[in-house]
Structure formats: structure tokens, C-alpha cells
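Every chain is numbered from 1 and lettered A, B, ... according to where its sequence line falls, protein lines coming before strand lines. All values below come from the heavy atoms of this structure, side chains included, with hydrogens, waters and symmetry mates left out.
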2 protein chains.
Amino acid sequence: MTEIEYCTTRKIRKVDIDEYEDISRIINAAGNKARIAILEIISEYEEVCTCELQPALGMPQPTITTHLSKMYDVGLLKKKQVWRFSYYYINPKYRELVNTILKDRKKEKETS
Amino acid sequence: MTEIEYCTTRKIRKVDIDEYEDISRIINAAGNKARIAILEIISEYEEVCTCELQPALGMPQPTITTHLSKMYDVGLLKKKQVWRFSYYYINPKYRELVNTILKDRKKEKETS
DNA sequence: GGGTCATATTTAGGGATTACGATATGATAA
DNA sequence: TTATCATATCGTAATCCCTAAATATGACCC
């Protein structure tokens, strides 16, 4: 016998963890309270610029830019330049994911 | 004038970031490639024990237990004791969220 | 009791993350 | 071209995370 035997109840298929790398980066970028707050605002207003988020979140501009960049870098957000503003919006590819997260938060709030 | 004025294009509603604390813990617990792999297996087999995951993931038991605990602690997973096994399953409350994550991963895979 | 199997905890180090002040870039307006 | 506004980057300290070896617990069987 060459392979180690574990509990022999069932044979579970083997998985390659690296196949979950890309999606984990997306989910990870969403796994922060400030960033979920940002996602909620963006999904409410369609697209927002950094300066609009400052009074809404009550945090300094570099902090907001860092959060936006993190979500932009993994592809969760997209960006467009209008006049002197950078407008961020949710990558349509992940709109359903974001909606599910935001919906779950509201469920959470009701049941507490 | 007492309040700082930012770009005056729109007035965005203020949000309380702490209201996103609970959901961010859930999302954060899911934001790791090993844990998403675990979620996929669990959602495929309904419920799995730690020892079944060892050969499937190819990682040592303490690492797997740590990942499972992290998801259990925030409420993403639930646990039941059967004989000498701990069976973990997805909290029904978050099944839709998990499905959306796994579905997005498959979409990802197709378009690459 | 003693042995075994499944699981959990402890611990550690290397790395990543968060927040944010200071500073830099870059576009626009005067 | 100089000032201003919006945004981005840098630097850094505090904190948290990932992995996994060593160890402990705890249920079950003899």
C-alpha cells in the first residue's frame, strides 16, 4: 500500500485549488466592510467618482482611492474618465454577484 | 462655511460602514481559493467531513480544519456530529451566495 | 484501561492588508 | 504659467492572514 488511507466512507473527487485563484481574488476584493459600502453606493447610483464618496463614507481620499483601486485591479470595478473625474462602475460580469451580496446584507439586517 | 466641500456634482447619501461588518465577514471567509474549493465540494456532496477533504484537496488536516473553522465561525458553514465525524454543510441562508460564487467561477473558466 | 481514528488547538513565521498622512501627478481654468 | 481640483502613489505602523508542524482532545472499540 503506497497511498495514505483516510476515513474510508466515501471517495471525494480531487480538486485543483489553483482553479479557484481568479474568483477568490474577486471575492476577496469584496470582503471588506468599507468596500461593500462602496459597492452599495455604486450600485445605487450606477457610477460614482472618488470625490463623491468622501462625504458619503466619511473617510479620507487616499483610503477611498486604495479601496477603489483594489476592486479595479481585480476587475470587479471598471473605470471611465469624464472631464476631471474618474467614474467607477460595477463590471457587468459581476453585477449579479454584487446584488446577491447586498441582498444578503439586507436579509441579515432584518433578522437581527 | 463650516463643512468641507468636495466636488459638488451630486449629493450622495451618507452610509454607516459598520452596517456592512457582518456581511463582510461572510464574504471575507469565502475569499480564499482553498475555501472556495471546499465550498464547491460541499455544495456537490451536500455535506463532507474533514477527513474526506484531505485526499480531495491534498493538504494537511490542520490546514483544512483551520479553513473550515473560519467559515464555521462566521456562520457560512454549519456542522453536525455523526459518529466520530464532523460533517460540515452550507448554511442554507447563504446557499444562494455560494451558488453565485461558484457559477461565476465557471463563467470565468469558459471565457479564458 | 489502552489504542486508534477524527478533529481541534497551539504556535510560529512569513506575508499580506488596512488606514492614512505626506506627497506627487495630471487635467482644467484663469 | 500658475493655481486649483481630482486622483493616484508612497511610506509606514499596526494588524490580520495563510500554512502547517507539533500537540492536544475526544469519541469509539477492544
Original post:
Starting at CD of A/Q54 and ending at P of D/dA8, how long is that distance when rounded to a whole Å?
Top reply: 11 Å
Original post:
Just one of A/I27, A/D22, A/I23 clears the side-chain contact (heavy atoms from CB on, under 4.5 Å) bar with B/D104, so which one?
Top reply: A/I23
**OP:** Round to a whole Å and report the spacing from CE of B/M59 to P of C/dA8.
**Re:** 16 Å
**OP:** Taking atom OH of B/Y45 as the centre, report whether more than 12 heavy atoms of other residues, nucleotides or ligands fall under 6.0 Å from it.
**Re:** yes
**OP:** Under the side-chain contact (heavy atoms from CB on, under 4.5 Å) rule, what do A/I12 and B/L57 come out as? Steps first, then yes or no, please.
**Re:** CA-CA 9 Å; A/I12 298 287; B/L57 298 169; over 6 Å; no
Original post:
Heavy atom of residues 70-82 of chain B under 4.0 Å from DNA chain C: which residues?
Top reply: B/K79
Original post:
Which residue, B/N28, B/I36, B/N32, forms the side-chain contact (heavy atoms from CB on, under 4.5 Å) with A/N28?
Top reply: B/N28
**OP:** Just compare D/dA20, C/dT7, D/dA8 and give me whichever is closest to any side-chain atom of B/C51.
**Re:** C/dT7
Original post:
Is the backbone N or O of A/L68 less than 3.5 Å from a side-chain atom of A/R35, with the two atoms forming a donor-acceptor pair by type?
Top reply: no
**OP:** For B/Y87 and C/dA8, give me the distance from atom OH to atom P, rounded to whole Å.
**Re:** 13 Å
Original post:
In terms of side-chain heavy atoms of A/S86, which of C/dA19, C/dT7, D/dT7 is nearest?
Top reply: D/dT7
**OP:** For the pair B/Q54 and B/M59, evaluate side-chain contact (heavy atoms from CB on, under 4.5 Å) and give the outcome as yes or no after the intermediate values.
**Re:** CA-CA 6 Å; B/Q54 271 173 269; B/M59 45 170 68; over 6 Å; no
Original post:
So does A/Y88 get a side-chain nitrogen or oxygen closer than 4.0 Å to the phosphate oxygens (OP1/OP2) of D/dA6?
Top reply: no
Original post:
Between B/Q61 and B/T50, does any side-chain donor sit less than 3.5 Å from a side-chain acceptor?
Top reply: no
**OP:** Quick one: label A/P60 by what it contacts on the DNA or RNA (base, sugar-phosphate, nothing), any heavy atom closer than 4.0 Å.
**Re:** sugar-phosphate
Subject >> Rounded interatomic separation in angstrom, taking CG from A/L68 and P from D/dA6 >> reply: 15 Å
Original post:
Under 4.0 Å between a side-chain N/O of A/T66 and OP1 or OP2 of C/dT18, yes or no?
Top reply: no
Subject >> Residues from residues 21-35 of chain A lying under 4.0 Å of DNA chain D - heavy atoms >> reply: none
**OP:** For the pair B/K11 and A/E52, find out whether any cationic side-chain nitrogen is under 4.0 Å from an anionic carboxylate oxygen.
**Re:** no
**OP:** Might you work through the salt bridge (Lys or Arg N to Asp or Glu O under 4.0 Å) test for A/R105 and A/E40, ending with a clear yes or no?
**Re:** CA-CA 10 Å; A/R105 185 200 136 252; A/E40 177 142 288; 3.3 Å; yes
**OP:** Mind checking A/T65 for me? I need base, sugar-phosphate or nothing, with any heavy atom below 4.0 Å counting as a touch.
**Re:** base
**OP:** Pick base, sugar-phosphate or nothing for A/T63, based on heavy-atom distances below 4.0 Å to the nucleic acid.
**Re:** base
**OP:** Using a strict 4.0 Å threshold on nitrogen-to-oxygen distance, state whether B/D73 and B/K70 make a salt bridge.
**Re:** no
Original post:
Once you round it to whole Å, what is the distance between P of C/dT9 and CD1 of B/I64?
Top reply: 16 Å
Subject >> Under 3.5 Å side-chain donor-acceptor pair for A/Q81 and A/S86 >> reply: yes
Original post:
Whole Å only: how far is the CD1 atom of A/I12 from the P atom of C/dA6?
Top reply: 14 Å
Subject >> Side chain A/N91, main chain A/G75, donor-acceptor under 3.5 Å >> reply: yes
Subject >> Whole-Å distance separating the CD atom of B/E52 from the C1' atom of C/dA6 >> reply: 12 Å
**OP:** Select one nucleotide: of D/dT19, C/dA6, C/dA8, the one nearest the side-chain heavy atoms of B/Q61.
**Re:** C/dA8
Subject >> Bend angle of the helix from C/dG1-D/dC30 to C/dA30-D/dT1, from helix axes over five pairs at each end, nearest 10° >> reply: 20°
Subject >> Euclidean distance, atom CG of residue B/L57 to atom C1' of C/dT7 [Å, nearest integer] >> reply: 16 Å
Original post:
Looking at A/W83, does any N or O in its side chain come under 4.0 Å of the phosphate oxygens OP1/OP2 on D/dT7?
Top reply: no
Original post:
C/dT7, D/dC28, D/dA8: which one has an atom nearest the side-chain heavy atoms of B/R84?
Top reply: D/dC28
Original post:
Is any side-chain N or O of B/H67 closer than 4.0 Å to OP1 or OP2 of D/dC17?
Top reply: no
**OP:** Could you tell me whether A/R13 and B/E44 make a salt bridge, using a distance below 4.0 angstrom between a side-chain N and a carboxylate O?
**Re:** yes
